[in-house]
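Only one structure is covered here, and it is reproduced in the block below.
The shown structure was predicted, so the numbers you read here are calculated from the model rather than taken from an experiment. Only heavy atoms go into these numbers, but all of them, side chains included; no hydrogens, no water, no symmetry mates.
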Amino acid sequence: MVRKIFKIGAGFALAMMIASCGSTNQTAKGSEPVELKSKEVNFENKSGSLIVNNETSSELVIFAGRVEKNALLGGIRKNAASTFDLSKISGIPSKGSLLIRAANYENYKGKARITEEDVVWTGLVVYDLTDSNDRICVSIYNGVDAQQQTCIYVSNMSPNFVLELRKGNLAQGEIIGTLPPLQRHKRIFLAQDPDGHAIDIYPTFIYVDPRTGDKTSLPGDGADGESVIPKPVGTSRINEFVWNGPNDPSKVGYKVAFVNLHNDTRKTLEFKSGGEELRNDKGFLATEAGRIDTYELEVRNSDGNLYSNLYCNIAPAAGTVNITKYTFKPGYVYDLTITSMNGTYEYDIREVGKKSLVEDARISLFGE
């Protein structure tokens, strides 16, 4: 039987019944094949705002939006990175969010037919083309099985939110796959752990404010995570993982705190927790001088979690700013400002207030 395992608070219900286990991979809007002409795939690095790191050992082609839209961005060599210019996409709004999809180039340069079933990885991109300094970095998880041999099956039953699946950590886990609203029976291609261990994944629902580009993550409880073992493609979907989103976003229960790091210095800052590098909402492991980036901190307790090992490295090798013990509350926004004067670095941290969502919050994705 299909498992229904994601619930936050009260008022949640399954939006619709899951199709029978004999169904194939589907999306809410269907899937039409796209012809891929290998000579049209450009592997040369380009200028642009979107950086995609391909951590897999396969060459990939990248699409913006649904595959059948045929908005081909280009290719990425294995274990390499490439930059793409989102402004070249026909009809793209100046601000917004979209999903990029990756398919294995080697599998299709001869076959020349790609559908949603051939997508090996999907990721969310939030962009602002009006800001010439805007940069987004997305990493394709190295555990993706680009050869499409093993997978898990997942359904996002939320009509309003993108579902991100994060490995090992609610706030900072690597993104192993992303589903648009109401995508069901999606194959997430994952390689089996070489040591035979299960892979811990946590569901996180994402909303992006279309006016500001502000991204809000709504993770579930630790109990809503799952330990999965990828099975050969074609295996029965009896262990499909089905997650629901919040019915009432205004009453959602948060599991992270949001820290706005204001870098008012002339150096780059690396925000860390106990030696672990923290990744910001733009996908980078650092905040450059003059920037404000948002970081998520996992907060499992309703009354807050005490962090005693936060600090900022001042790069390159210019010292460290240690953050005194501080309790962060779930769903709250904090301003952390780092300043420097005459070679002395100081910080100030203040609680801004609790983040809230309107009742009709619904993510808008270009190209879906």
Side-chain donor or acceptor of Arg266 paired with backbone N/O of Ala289 under 3.5 Å: no

So does Arg135 pair up with Glu288, basic N to acidic O under 4.0 Å? no

Do Phe63 and Val119 make a side-chain contact, defined as non-hydrogen atoms from C-beta onward lying under 4.5 Å apart? no

Under 4.5 Å between side-chain heavy atoms, counting indirect links through other Ile/Leu/Val/Met/Phe/Trp/Tyr residues: same cluster for Tyr311 and Tyr347 or not? no

Over 12 foreign heavy atoms within 6.0 Å of NZ, Lys88: no

Measure across Ile363 and Ser97 and return the closest heavy-atom pair with its distance rounded to 0.1 Å. CG1-OG, 4.2 Å

In plain terms, say whether Arg101 and Glu368 are close enough for a salt bridge, that is, a side-chain N and a carboxylate O under 4.0 Å apart. yes

Please check if atom CG in Asn342 has more than 12 non-hydrogen atoms from other residues, nucleotides or ligands closer than 6.0 Å. no

Flag yes if Val126 and Val259 sit in one hydrophobic cluster, no otherwise; membership is Ile, Leu, Val, Met, Phe, Trp, Tyr, and two members link when side-chain heavy atoms are under 4.5 Å apart. no

Result for side chain to side chain contact (heavy atoms under 4.5 Å, CB included) between Trp121 and one of Asp145, Ile140, Leu190, Asn104 points to Ile140

Answer with yes or no whether the hydrophobic clustering places Ile349 together with Leu269; edges join I, L, V, M, F, W, Y residues whose side-chain heavy atoms lie under 4.5 Å apart. yes

Residue pair Ser58 / Glu106, side-chain donor-acceptor N/O under 3.5 Å: no

Between CD1 of Ile175 and OG1 of Thr204, what distance do you get to the nearest 0.5 Å? 8.5 Å

Verdict with supporting geometry, Lys282 and Asp293, side chain to side chain contact (heavy atoms under 4.5 Å, CB included): CA-CA 7 Å; Lys282 290 294 184 179; Asp293 289 320; 4.2 Å; yes

Check ion pair Glu59-Lys78 (N to O, under 4.0 angstrom): no

How far does CG of Asn169 sit from CD of Glu298, to the nearest 0.5 angstrom? 5.0 Å

Is Arg187 salt-bridged to Glu117, cutoff N-O under 4.0 Å? yes

Would a distance-only check, ignoring hydrogens and angles, find a side-chain to backbone donor-acceptor pair under 3.5 Å from Gln192 to Pro230? yes

Residue pair Asn54, Ser82: steps toward the side chain to side chain contact (heavy atoms under 4.5 Å, CB included) verdict: CA-CA 8 Å; Asn54 177 12; Ser82 191; over 6 Å; no

State which residue, out of Tyr295, Tyr334, Phe328, Tyr326, fulfils the ring pair (Phe, Tyr, Trp, His ring centres under 6.0 Å) condition with Tyr307. Phe328

Are the side chains of Leu163 and Ser158 in contact, using a 4.5 Å heavy-atom criterion? no

Cation-pi geometry met for Lys355 and Phe258 (6.0 Å, 45°): yes

